[in-house]
Amino acid sequence: MKIGIVGGALQGMEAVFLSNKAGFETLVIDRKDSAPALSISDTHEVLDVVKDSEKAKAMLSDCDVVMPALEEMDALIALDEMMQGLEIPFLFDLASYNISSSKERSNSIMSELGVPIPKPWPECGFPAIVKPSSQSGSIGVSAVNSKEEMDAALKVVEDLNDTPVVQEFVSGKSVSIEVIGNGTSATSFKTTEVILDSNYDCKMVLCEPNVLPKEDNDIFAEIGKKVAEGIGLKALMDVEAIYTKKGLRVLEIDARIPSQTPAAVWAATNINILEELAFSSVGKSTGRVGRNDCSSYEHYIIEDGNLRTCGEKVFGKIKEPRMEQRFFGADEAITDYAPGKDVWRATVMNRGKDPADVLERRKSFIRNVMDECGLDEYIDRSPRMV
Ligand SMILES: Nc1ncnc2c1ncn2[C@@H]1O[C@H](COP(=O)(O)OP(=O)(O)O)[C@@H](O)[C@H]1O
Ligand SMILES: [Mg+2]
């Protein structure tokens, strides 16, 4: 099976990693020759799919499935049109993406479906969250405690030319779940916990059977299925929620391949969401029964003689990475390490029978890197409490 992946940044690296684990041959197309997924793919092409759609079409016609791994609307629309003329499964659903890329639209659908979301303003009062409806990656998101802060936050959204979504500030564990739909019915996969760095960027994902109590885990899976079936999802989406004392509150849905969480799910369970999606697109099943193990997935940067955990945005600046196994003792890695290098990055995955086992393996990786590279300090920053 040959997969054409369009976009070679974080989502592209995720798609190549998973494709590789599924035994697929990969072709990555990106308009930038510095895109990090190019070096881990089997073949690649530096090409703008909007400007050079004829060439892109010719290259993609040679694939068995095609998946976009980017979030630029003009490229997604160009690909969607291009794929309509080809008899090749397109692992993307533009109509669902159009819903999920607007928090206004998706919140209103989720409310109608009875999905628990944070209370809207003004009902919620302070503290509140102000966020732009159509951005991603925490751009323009503010927590506000007063009328003055609210006005400043609204100005930020206005400057982004976007519509604000103002809602209750909720706190608790951040959790995520992937869902695959075929247009009529949908299946939810595993819940993961998402842990943020000091810039509110995701630095670690944990996949463990007990991220949520059984009852809430079932509710989360049911929410994912209900929303996917409600919007007629014909591909993959993820649902992000916060597990508050009052239960789950859904922050957003995103109908595209996420980065990080599918690899963590694969490391823990051997269920490969990209493989599941590729099979489901041709009406087949992989027949895989998952393991119930645990995993951690995290990003590191080695700089200034220190080993520091970092968010995926910092990791995303990696150049010409490769995939490794048993990397300083860790099970899986994507890295640009070379002996003697001063600055390098790594995404590292560890699996284990239980969370304690995973923690031991993480510590052992940290010790190995510190010792072998003669580093001074291990730094792990978290968000300041609001
Ligand atoms: N209602 C909320 N209460 C508390 N934190 C929130 C709320 N909404 C969003 N956040 C936080 O803001 C960040 C981005 O929000 P999200 O809704 O996921 O938008 P996006 O990822 O598309 O930028 C996340 O870290 C999330 O935890
Ligand atoms: Mg988000």
Side-chain angles (χ1 to χ4, degrees), residues 9-11 14 70-73 96-111 115-145 149-150 153-154 156-157 160-179 191-206 211 220 223-224 227 236-262 310-313 316 381-386:
L10 290 162
Q11 286 172 279
E14 184 81 14
L70 46 78
E71 298 202 73
E72 277 160 58
M73 209 32 124
S96 296
Y97 185 79
N98 271 325
I99 294 171
S100 76
S101 59
S102 155
K103 292 189 177 70
E104 246 186 336
R105 224 172 293 148
S106 43
N107 280 346
S108 108
I109 291 176
M110 288 195 285
S111 292
V115 170
I117 62 176
K119 270 191 216 134
W121 179 265
E123 192 190 330
C124 61
F126 292 116
I129 278 273
V130 178
K131 50 186 176 183
S133 176
S134 313
Q135 308 288 319
S136 62
S138 297
I139 294 168
V141 179
S142 321
V144 298
N145 259 307
E149 286 178 6
M150 168 94 80
L154 289 172
V156 171
V157 176
L160 289 166
N161 273 323
D162 209 329
T163 320
V165 169
V166 184
Q167 60 179 203
E168 176 187 8
F169 178 92
V170 288
S171 57
K173 243 183 210 186
S174 293
V175 290
S176 168
I177 196 165
E178 274 81 31
V179 190
T191 304
T192 51
E193 178 178 0
V194 171
I195 296 165
L196 308 177
D197 76 352
S198 52
N199 296 316
Y200 295 88
D201 193 13
C202 174
K203 68 173 177 186
M204 172 153 87
V205 177
L206 293 174
V211 166
F220 199 23
I223 288 174
V227 176
L236 170 62
M237 71 169 194
D238 73 350
V239 183
E240 284 177 39
I242 293 198
Y243 184 50
T244 75
K245 291 201 181 82
K246 293 182 193 152
L248 291 157
R249 295 292 180 270
V250 176
L251 298 186
E252 63 162 342
I253 56 171
D254 276 308
R256 45 95 185 104
I257 181 173
S259 46
Q260 319 183 98
T261 47
C310 68
E312 67 168 348
K313 289 199 192 84
R381 295 200 183 99
S382 297
R384 279 209 330 258
M385 297 309 282
V386 185

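First listed ligand is number 1; within each ligand, the first listed atom is number 1.
- Compare Glu240, Lys103, Lys119, Arg249 by their heavy atoms: the one nearest to atom 22 (O) of ligand 1 is in Lys103.
- Gln135 and Lys103 share no side-chain donor-acceptor pair at under 3.5 Å.
- Partners of Tyr243 according to the ring-ring contact (aromatic ring centres under 6.0 Å, His included) rule, which considers only residues two or more places apart in sequence or in another chain, do not exist here.
- Contacts of Lys245 classified as side chain to side chain contact (heavy atoms under 4.5 Å, CB included), with partners at least two apart in sequence or in another chain: none.
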Item to complete: Test side-chain contact (heavy atoms from CB on, under 4.5 Å) on Asp197 and Arg381 and set out the steps.
Response: CA-CA 6 Å; Asp197 76 352; Arg381 295 200 183 99; 6.0 Å; no
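- Closest protein heavy atom to atom 2 (C) of ligand 1: Ile129 CG1, 3.4 Å.
- Checked against a 6.0 Å centroid threshold, the rings of Phe126 and Trp121 count as neighbours.
- Contacts between Leu196 and ligand 1, counted as non-hydrogen atom pairs separated by less than 4.0 Å, involve the side chain only.
- In terms of protein heavy-atom proximity, atom 26 (C) of ligand 1 is closest to Leu251 CD1, 3.6 Å.
- The backbone and the side chain of Ser138 each have at least one atom closer than 4.0 Å to an atom of ligand 1 (non-hydrogen atoms only).
- At least one side-chain heavy atom of Ile223 sits less than 4.5 Å from a side-chain heavy atom of Pro116.
- As for Glu252, its N/O/S atom nearest the Mg ion (ligand 2) is the one called OE2.
- If you number the atoms of ligand 1 from 1 as listed, the ones under 4.0 Å from a heavy atom of Phe169 come out as 3 (N), 4 (C).
- Without hydrogens or angle criteria, Ser100 side chain to Ala255 main chain gives a donor-acceptor distance under 3.5 Å.
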Are Ser382 and Lys203 close enough, and set up right, to give a side-chain contact (heavy atoms from CB on, under 4.5 Å), and what steps lead you there?
-> CA-CA 9 Å; Ser382 297; Lys203 68 173 177 186; 3.6 Å; yes
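- For a threshold of 3.5 Å applied to N or O pairs, the pair formed by Val170 and ligand 1 contains at least one separation below that value.
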*Stepwise side-chain contact (heavy atoms from CB on, under 4.5 Å) test for Ser259 and Glu312*: CA-CA 9 Å; Ser259 46; Glu312 67 168 348; 2.8 Å; yes
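- Of all the N, O or S atoms in Glu240, the one closest to the Mg ion (ligand 2) is OE1.
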Note to self: Go through it in stages, so that I can follow the logic: the residues are Glu178 and Thr261, the test is side-chain hydrogen bond (donor to acceptor under 3.5 Å, both in side chains), and I'd like the CA-CA distance, side-chain angles, deciding distance and then a yes or no.
What the structure shows: CA-CA 8 Å; Glu178 274 81 31; Thr261 47; 2.5 Å; yes
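- Among Gln135, Gln167, Lys131, the residue whose heavy atom lies nearest to atom 15 (O) of ligand 1 is Lys131.
- Note: no N/O pair closer than 3.5 Å links Ser174 and ligand 1 by distance alone.
- For atom 21 (O) of ligand 1, the closest non-hydrogen atom of the protein is Glu252 OE2, 2.9 Å.
- Distances from the Mg ion (ligand 2) show that Asp254 has no N/O/S atom below 2.8 Å.
- When hydrogens are left out, the protein atom nearest atom 12 (O) of ligand 1 is Val141 CG1, 3.6 Å; that is the closest non-hydrogen contact.
- Less than 4.0 angstrom separates some heavy atom of Glu168 from each of these atoms of ligand 1: 1 (N), 2 (C), 3 (N).
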